[in-house]
Amino acid sequence: MARPNEQVGALLQEYADLVAITGGDAYRARVYEKAARSVAGYHLDVSTLDAAGLRAIPNVGTSIAAKVTEYFRTGQIAAVEELRAKIPAGVRELTEIPTLGPRKAMVLYDERGIASVQDLLDALDAGRLAGLKGFGPRTEENLRHGIDLLRQSGGRVDLGVATELAEEIVGALSKVPGCVRCTYAGSLRRMRETVGDLDVLAVSKNPGTIMDALTGLDLVAEVIARGNTKTSIRTTAGLQVDLRVVPPESWGAALQYFTGSKAHNVRTREIAVRQGLKLSEYGLFTVPRDEHDGDDEQGEQRGQRGRKGGRRRPAAEAVETGETGELVVSKTEEEVYERIGLPWIPPTLREDRGEIEAARAGTLPKVVTEKDIRGDLHTHTDLTDGVATLAEMVAAAAARGYAYYAITDHAPNLFMQRMTDAKMLSQRDQVRALGERYPKLTLLHGTELNIDPGGEVDWPEDFLAGFDICVASVHSHFNQSRAEMTRRIVRACENPAVNVIGHPTARLIGRRPPVDVDLEAVYEACARTSTALEVNASPDRLDLNDENILAAKRHGVKFAINTDAHAVAHLDLLRFGAGTAQRGWLTPDDVINTWPLRRLRTFLRKGRKR
DNA sequence: GCCGTTTTCGGCCCGACTGTTTTCAGTCG
């Protein structure tokens, strides 16, 4: 995504936070928050848009469009500067502490002059919070604890780690007597590339028993909250797990609700409201008549509270006193979506990135699934840095039912792998021989080339012509300038032997940032030269990521979802690649390794002479 | 401050848990 979009998005988010901290209108804060998200995720570069173009962005109206324009004209937004002058940056940082929101942060600043996390720690140590309204002993303890957590780094884990943990917990809870259903939801079900916490959902005849089962697991370091419908724990690895227990008839609504994302849920609830319905985690309900009649009065109260910065009355009373309308549906997600006039939307699309509009228009993509993939096109063996033999890898590929499978060991310029022409040709003979043992599986002999700093690859054209497929990747010189890196990768695309650009940004999640490259230029080159971009399924890469995939697809680029397996077990990581591709709205037609072999071979011929 | 197939004004998603409170505000998801 273009940088200007992210910059403006960050500024609007900051403004939203500052409005909330200063006790401004809560609805106004929320609008800025929504605008921040839509700007950051908008598909056009906002710095190139005029006022009308800006107002075409969802949640951007006259006022916000003017602020964006002002930002590109002057380099700042006066309204933001004004609030910055009133509220030190450290106060906003305070709200990153769990359990400390905008209201309490402002109290700390107003009453005690606390303007940073360190200030807060000092005040706690000096006992200076004593007597402050709303800050009792438990709150002090929670704040200290929150600061500890904050300082232990971001706390998000990768998709592989989160999936393993979630499956362990769901497995354990499913065995608890009385547990009827159990699964995970949340960002993990949506397959976000990192996961900040786990949401586990269960139906149980005996909620207490299943709560006890969770809090009793060996991996529990701390019980954060314990109720009869919700329990939260923190694992020894620092990950929070929320378990919700719902009645069986609420399963679909609860699964929909706890899968999120928050932005997607806001949209679905709004749609329900417009149809006179109410959607909660307990189901889709009709809104009773008298509540309609009372709308004006209630609205007035809400409006006033909103202006005072208070909150509206929760609907809990209505539930308790039985004023709630009748349950319409909620047994399955499909029912819930259908009743509000939408087809079921795959979890990986639920980010409010246009899926609601597409669902309404009947143009939701039929996203690619793991089952659509007919073969892995980027794998290694122990000839280079893999840990399994060629025979083992091929046997595993055959067992997965693949129609084709490419072996792509490293080329000589990754010097540590000691590849030679002779070794490669010898492997090719072995591949051909092995192929005869697997009549249903077509083996492709390939290689993973190194794109050198100038954009050249390992072998001359005539040697490259002997491969069925060539992946080419950046493995070194990650710090080149943007111009050099762009020229380097574009040049690789223009090489007639190169079929796939492997892990295109070379990032390692949480360890190495993506290389600085003009991705738009790369997408253009890929589309022009029939070079596919890889969706590397390894959970520490997921490269390209979802947003980049969306952008590349708009250029007409094709993709290959590959595991880059270095071991037999890695072939199973494919699902994370499929999930990431879904988040990028890819259909089987966009993905070359879902195609029949003939079509794939035609694509792989590219610009080669033979 | 944005938005509209009920509306260009009057709404804006909904509920659980905690802590400190004695009826509820704040935070979180």
Side-chain angles (χ1 to χ4, degrees), chain A residues 12 15-16 19-20 23-35 38 55 57-67 79 95 97-107 132-143 146 185-187 196-199 224-232 240 242-246 250 253-254 257-285 287 292 295-296 298-306 308-320 324 341 360:
Chain A
L12 294 175
Y15 191 62
V19 168
D25 179 17
Y27 291 117
R28 203 165 141 254
R30 194 152 69 195
V31 164
Y32 276 98
E33 210 168 284
K34 289 202 287 191
S38 20
R55 281 199 306 274
I57 303 172
N59 305 307
V60 174
T62 318
S63 172
I64 294 180
K67 289 188 173 71
T95 63
I97 299 169
T99 73
L100 183 57
R103 296 256 171 264
K104 284 189 165 174
M106 194 57 188
V107 170
L132 202 51
K133 190 163 186 272
F135 290 81
R138 291 305 305 266
T139 301
E140 290 199 14
E141 202 177 301
N142 287 340
L143 289 176
S187 56
D197 59 31
L198 293 182
D199 293 293
I224 299 166
R226 167 68 161 79
N228 252 342
T229 60
K230 178 183 173 181
T231 290
S232 298
Q240 181 170 330
D242 297 329
L243 170 64
R244 304 293 294 242
V245 178
V246 299
S250 298
Y257 177 77
F258 291 115
T259 297
S261 62
K262 188 173 176 181
H264 176 88
N265 284 356
V266 167
R267 295 293 306 277
T268 50
R269 287 188 177 207
E270 282 171 0
I271 290 169
V273 166
R274 257 178 256 131
Q275 298 177 13
L277 300 168
K278 187 181 67 172
L279 181 57
S280 78
E281 57 263 54
Y282 294 111
L284 189 61
F285 297 90
V287 176
H292 270 313
D295 258 356
D296 285 350
Q298 204 170 35
E300 186 63 28
Q301 286 170 0
R302 286 175 185 175
Q304 283 172 3
R305 283 169 182 232
K308 283 189 304 193
R311 62 179 266 129
R312 32 178 302 216
R313 185 178 68 98
E317 279 171 46
V319 175
E320 284 160 16
T324 309
R360 275 179 164 155

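No experiment lies behind these values; they were computed from the predicted model shown. Each chain gets a letter, A, B and so on, in the order the sequences are listed, and its residues count up from 1.
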Span that lies between the [atom1] atom of [M] and that of [N], in whole angstrom:
N	M	atom1	result
B/dC13	B/dT8	C1'	23 Å
B/dG26	B/dT21	C1'	12 Å
B/dC17	B/dT23	P	23 Å
B/dT7	B/dC3	C1'	10 Å
B/dG10	B/dG15	C1'	24 Å
B/dA25	B/dT20	C1'	10 Å
B/dT22	B/dC28	C1'	24 Å

Selection from [options] that lies nearest to any side-chain heavy atom of [X]:
X	options	answer
A/Pro102	B/dT27, B/dC17, B/dC14	B/dT27
A/Val266	B/dT18, B/dC13, B/dG29	B/dC13
A/Arg244	B/dC13, B/dC2, B/dA16	B/dA16
A/Pro98	B/dC28, B/dG1, B/dC13	B/dC28
A/Asp242	B/dG29, B/dC2, B/dC13	B/dG29
A/Asp197	B/dG1, B/dG29, B/dT18	B/dG29
A/Ala225	B/dC17, B/dC14, B/dC12	B/dC17
A/Arg103	B/dC12, B/dG15, B/dG26	B/dG26

Does a side-chain N or O of [X] approach OP1 or OP2 of [N] to a distance below 4.0 Å, or not?
X	N	answer
A/Thr99	B/dG26	no
A/Lys230	B/dG15	no
A/Arg269	B/dC13	no
A/Tyr282	B/dC13	no

Paired to B/dT8 by Watson-Crick or G-U wobble criteria (both distances under 3.5 Å) is none
For [X], which contact category applies under a 4.0 Å heavy-atom criterion: base, sugar-phosphate, or nothing?
X	value
A/Phe258	nothing
A/Ile97	sugar-phosphate
A/Ser232	nothing

Residue pair A/Arg28/A/Arg226 against DNA chain B: nearer the 5' end by closest nucleotide is A/Arg28
So which protein N/O to nucleotides 19-23 of chain B N/O distances come out below 3.5 Å?
residue, atom, partner, partner atom, Å
B/dG19, OP1, A/Arg138, NH2, 3.2
B/dG19, OP1, A/Asn142, ND2, 3.2
B/dG19, O3', A/Thr139, OG1, 3.1
B/dT20, OP1, A/Gly136, N, 2.7
B/dT20, OP1, A/Gly136, O, 3.0
B/dT20, OP1, A/Pro137, N, 3.2
B/dT20, OP1, A/Arg138, N, 3.3
B/dT20, OP1, A/Thr139, N, 3.2
B/dT20, OP1, A/Thr139, OG1, 3.1

Residue list, side chain to side chain contact (heavy atoms under 4.5 Å, CB included) with [X], at least two apart or on another chain:
X	answer
A/Ser63	A/Tyr32, A/Lys67
A/Arg30	A/Tyr27
A/Val107	A/Glu111, A/Leu132, A/Phe135

Has A/Ser38 got a side-chain atom pairing as donor or acceptor with A/Ile57's backbone, closer than 3.5 angstrom? no
Roughly, in whole Å, what's the span from [atom1] in [X] to [atom2] in [N]?
X	N	atom1	atom2	result
A/Leu277	B/dT6	CG	P	13 Å
A/Leu243	B/dA16	CG	P	15 Å
A/Arg30	B/dC2	CZ	P	15 Å

Could you go over nucleotides 3-5 of chain B and give all protein N or O partners under 3.5 Å, atom names and distances?
residue, atom, partner, partner atom, Å
B/dC3, OP1, A/Asn59, N, 2.6

Residue among A/Ile271, A/Thr268, A/Val273 satisfying side-chain contact (heavy atoms from CB on, under 4.5 Å) with A/Leu279: A/Thr268
State which residues pass salt bridge (Lys or Arg N to Asp or Glu O under 4.0 Å) with A/Arg226; sequence neighbours excluded, sorted by chain then number. A/Asp212
Assigned chi class of B/dT6 under the 90° convention is anti
Set of side chain to side chain donor-acceptor pair (under 3.5 Å) partners for [X], sequence neighbours left out:
X	value
A/Thr259	A/Arg189
A/Tyr15	A/Arg28
A/Gln240	A/Asp242

